[in-house]
Each structure stands twice: as C-alpha cells, then as structure tokens.
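Just so it is clear: chains get the letters A, B, ... in the order the sequence lines come, proteins before strands, and each one is counted from 1. Values below: all heavy atoms of this structure, side chains included; hydrogens, waters and symmetry mates excluded.
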Amino acid sequence: MKILVTDFDHVVHEVTAEADWPIMEAIRSAGLPIKAECGGCCLCATCHVYVDDAWVGKIQAMDDEEEMMLGEAPQVRPSSRLSCQMRMAPELDGLVLSLAPTY
Amino acid sequence: MHDSIIETDALIIGAGPVGLFAVFELGLLDLKCHLVDVLDKPGGQCIEFYPEKPIYDIPGLPECTGQSLIENLQRQILPFEPEFHLGQLVSQLVQRPDGRWDVTTDAGTQFNAGVVIVAAGSGCFTPRRPPIDKIEAFEGRSVFYAVRRIEAMRGRRLVISGGGDSALDWTLNLARVAERVTLVHRRDQFRAAPDSVRKMHELVADGTIDFVLGECRALEGADGNLSSVQVATNEGAELRLPADCFLPFFGLTMKLGPIADWGLNLDENRIAVDTEAFETSVPGIFAIGDINTYPGKLKLILSGFHEGALMAQKAFRILRPEKRLLFQYTTTSTQLQKKLKTA
C-alpha cells in the first residue's frame, strides 16, 4: 500500500506502508524528516501531520490521549493528527498527508 | 580548584537504563563509576517519556514500566556505590598526556576519569523552542525556558505559554510577584495536575491573571528586550500582549549537544563504534545504548545492556593493564557474590 507525503519543501513522496503499521513508522522508514521523538508513545507531538481533507473522514477517530497530546503541537488545524497514532489499513491505501510543524 | 577534582575509573554520561547497567558490569570488575545526567533524576527517557507505559521486551521481565525498570536497576547497582551528579551537562572533555580524561560539567564539577562512557540516549534533554521567528535574539534576556529566580520576575509583565505542569505551576507561582501574568494555551484542557488547573481558573475568575485561548506567533522588541507578544486567538483574532518576558513551556527535546564537538566519528548524529568493545574512534571513549551506531544496530534497551557488558571488558584492560581479567559468573563466583553483598 502507498501513502503520499508532502514534505516541508512541498515535495511529494510516495511512501510504502504495511497494513497495521503506524503511519509515522512508514514516513520515518522512507527517510523523511519526521522527528517522532518519543518513538510512537503518543508523548511528544513531534509526528504532527495534516491529513488531506478528502481523507479526514476515512481515518480512525482520535482517542483522548492523541487529542490531548495534539494540543501541544503548533499550528494545529481540524485536519491535524499525530501520525504515530494512525494505523495503516486497506481503506487508507493512497492516503494523502503533509508533514506539519512541531515544537 | 585542583584538589576538588573527582578521581574515578569510569565517568558515565547519561543515567538512563543503559548507563545504570554499565555501573553493574564495570562494578563486577571492581571499577568505580560516577554518572552525570542533565535531568534532575536518574532514568533518562524511561522516566521522562514513559514512566507508566508498559515495557514488554526486557528479558526475564514479562512486563514492567519505565519507572519500575529504573528502580530495579538502581537497586541492582547499589552494591557498587555509584555517585550521581544530576542536573548537569558535560561540557568539556580533554585528554591528559597520561591518557586519562579531564571532564568538566556546566556546573563546574571536574572529574579525572580513566575511561569515558557516553550513554546519552538520543542526546541531552533541552527545552523545546517554539517555532517563532527570531526567538533566539530574545533568549536569555526576555525569553526563558526555565525560571531560576522568582525574584527576577517581580513587577514584570509575563506571557506564559504551554499546557503542561510547568506552564501551570509557573503561572500560579509567578502570579504572586509579577505585574501581570497572561497564560496562552491552544485549548482549555491541560496535561497538568487537576488541582493546578482549578487554581489557575480561580485566578482567572477573580481577575488576578489572564487566560487566552490561542497560540503565540511573533515577538516584538529590540536588542533582546521584549515589548509585546503577538497571539493568534482560536477565534481568529490577532492580539498584541504587552510583555517584558515570554516563558514558553513546551516540554523537552533531545539534542546531541557538546558531544558533537569531541572529535568522535559521527554518523547522522550518532556515535560510530566497533562491535567488539563499543569503543568510539577515540580510544578510551565508549558509546553504548541509543547514542551509538554500528551495522545492524537496534535501538533496544537490551542491546544497550549487552553493549555495556562488552564495553566493561575493554575498559578493564585500559584501566588495569597490569591485571589479568578473569571471566566469572555471578551464579558461581563467591568473589562476585561478595561484591554484590549476597554472600
């Protein structure tokens, strides 16, 4: 499965993602500059991404922990998510997102 | 100052799980350790990031938490009487003509160590800097990531930003001395003690402090002196808050820090080591745990433990060249059991 990730220089990368893997891990293993400091523990908000509007409704809803932690990221929008908390699934094949600012 | 230098066999930089276990492996070989850590308590990421999260991949421990792992490691190394120097950053490392190392911290503590072991994880924890243009120009004069003296804030107009315990604690404490405190946070929810949140709301209700739902976007002022903080409110308005100081509390991030200047071979911010002794490109300096890299490296706590065991063998050869190294098991060696105070 693939996801399309826009980096900070507005370059779009096609990234391979395995089912059930955190999307942050897919972005990281593609070598893109995502900090993801805490390693997927939902503790740092440095894997902040903006999900393309067309895909927002298709992704699993946020739990309280993610919502709380996302409050620590800068320039949060309605489409903001922490990519370590989103898991790849067949219905997300082709997902479009972009890297977002972090503290 | 010369007589206050601390002599030690090994100086360990970083008191996370791997640094702590290195004390055990070195201790079995009768090597004395001092540890320096930038945090105010041992444990590193285990304590700072996930004290309550379960860890499932420590051999022999089906489940533990960051906190319990660190507590157990501290108990395990107690017989070796390690000495901790906390809240300090190792800033300087210079080799003496005799091969030993002069190590100095930013607090002025000086060591003379036979070997140096870098067990610094992902680097030293430092405050997160918000992505605000030219914030560096104000740092140290009117932007602070920590408050060292409450008195320095007396009579000042403060803007505090963040939604965690630090932001809340300082809002409550500084409200008593400051001319005015404005807390800025993006949400009306906080990752902080409920009691602090309640007290903060009380101060807002009685008009002692202001609370703005929004995000600090820009700083205005000249020569490092702040005049105002611009805030984008959640309603979409732009506010200009007059301020003398801006205090952002966005938690900690990790940086390699002064380690980058010690002439060690680095590979993408990690220290390259050999896999026989986990020694760096500079003999006598070792790197173990997440901070190192080598072909096949896995950033696992258990890998760091193994690296510490092999490192100790080489450290012994450097520190005690005249002695023979006898490999012994803790299960059968009465000598080792005596050291562990179990015999």
Side-chain angles (χ1 to χ4, degrees), chain A residues 6-10 13 18 20-22 24-51 61-85 87 98-103, chain B residues 44-55 65-66 121-123 125-133 135 145 161-167 184-192 197 213-218 231-232 234 236 248-255 268-269 290 298-301:
Chain A
T6 306
D7 68 18
F8 296 112
D9 299 321
H10 311 289
H13 302 261
E18 302 293 323
D20 211 34
W21 266 67
M24 175 275 284
E25 295 288 358
I27 299 171
R28 185 153 74 175
S29 57
L32 295 179
I34 190 162
K35 271 206 228 163
E37 259 178 1
C38 78
C41 295
C42 197
L43 287 166
C44 72
T46 61
C47 64
H48 181 202
V49 294
Y50 298 131
V51 175
M62 253 191 262
D63 61 14
D64 291 350
E65 204 178 4
E66 181 182 350
E67 201 179 336
M68 199 63 130
M69 204 61 240
L70 193 56
E72 309 268 303
Q75 294 166 42
V76 173
R77 301 177 191 163
S79 65
S80 285
R81 291 293 301 257
L82 295 182
S83 58
C84 75
Q85 298 302 300
R87 286 184 181 274
S98 49
L99 300 184
T102 62
Y103 283 126
Chain B
Q45 289 183 46
C46 286
I47 293 297
E48 199 55 40
F49 273 164
Y50 46 88
E52 279 146 33
K53 293 245 171 184
I55 306 175
T65 62
S122 297
F125 281 92
T126 49
R128 272 201 203 131
R129 173 186 278 164
I132 294 176
D133 206 30
I135 189 168
Y145 299 100
S161 187
D165 277 308
S166 304
V184 179
H185 184 45
R186 234 186 39 78
R187 301 151 50 84
D188 199 7
Q189 273 164 307
F190 295 86
R191 292 162 47 80
V197 179
L213 274 167
E215 204 171 311
C216 297
R217 287 286 167 80
V231 177
N234 288 4
F249 294 107
F250 293 110
L252 300 170
T253 183
M254 290 165 294
K255 288 201 174 127
E268 288 183 14
N269 271 341
D290 286 359
L298 281 181
K299 283 208 222 176
L300 291 176
I301 293 173

Colleague: Would you call the rings of B:Phe125 and B:Phe49 parallel, tilted or perpendicular, where under 30° means parallel and over 60° means perpendicular?
Modeller: perpendicular
Colleague: Can you tell me which portion of A:Thr102 sits under 4.5 Å from chain B's heavy atoms? Options are side chain, backbone, both or neither.
Modeller: backbone
Colleague: Can you tell me how far CD of B:Gln45 sits from CD1 of B:Ile47, rounded to the nearest 0.5 angstrom?
Modeller: 11.5 Å
Colleague: What part of B:Arg186 lies closer than 4.5 angstrom to a heavy atom of chain A: side chain, backbone, both or neither?
Modeller: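 The side chain, not the backbone.
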Colleague: Main chain of A:Arg87, side chain of A:Asp20: is a donor-acceptor contact present, judged purely on distance under 3.5 Å?
Modeller: no
Colleague: Ignoring hydrogens and geometry, is there a side-chain-to-backbone donor-acceptor pair from A:Glu66 to A:Leu82 under 3.5 Å?
Modeller: yes
Colleague: Side chain, backbone, both or neither: which part of B:Ser122 has a heavy atom under 4.5 Å from chain A?
Modeller: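 For B:Ser122, there is no contact with chain A at all, as no heavy atom is under 4.5 Å.
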Colleague: Looking at B:Gln189, B:Glu48, B:Lys53, which one has more heavy-atom pairs under 4.5 Å with chain A than the rest?
Modeller: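 Ranked by contacts with chain A, first place is B:Lys53.
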Colleague: Give a yes or no on whether the backbone of A:Ala36 and the side-chain of A:Thr46 come within a donor-acceptor separation of less than 3.5 Å.
Modeller: yes
Colleague: Highest number of heavy-atom pairs under 4.5 Å with chain A: which of B:Arg191, B:Met254, B:Arg129, B:Lys299?
Modeller: B:Arg191
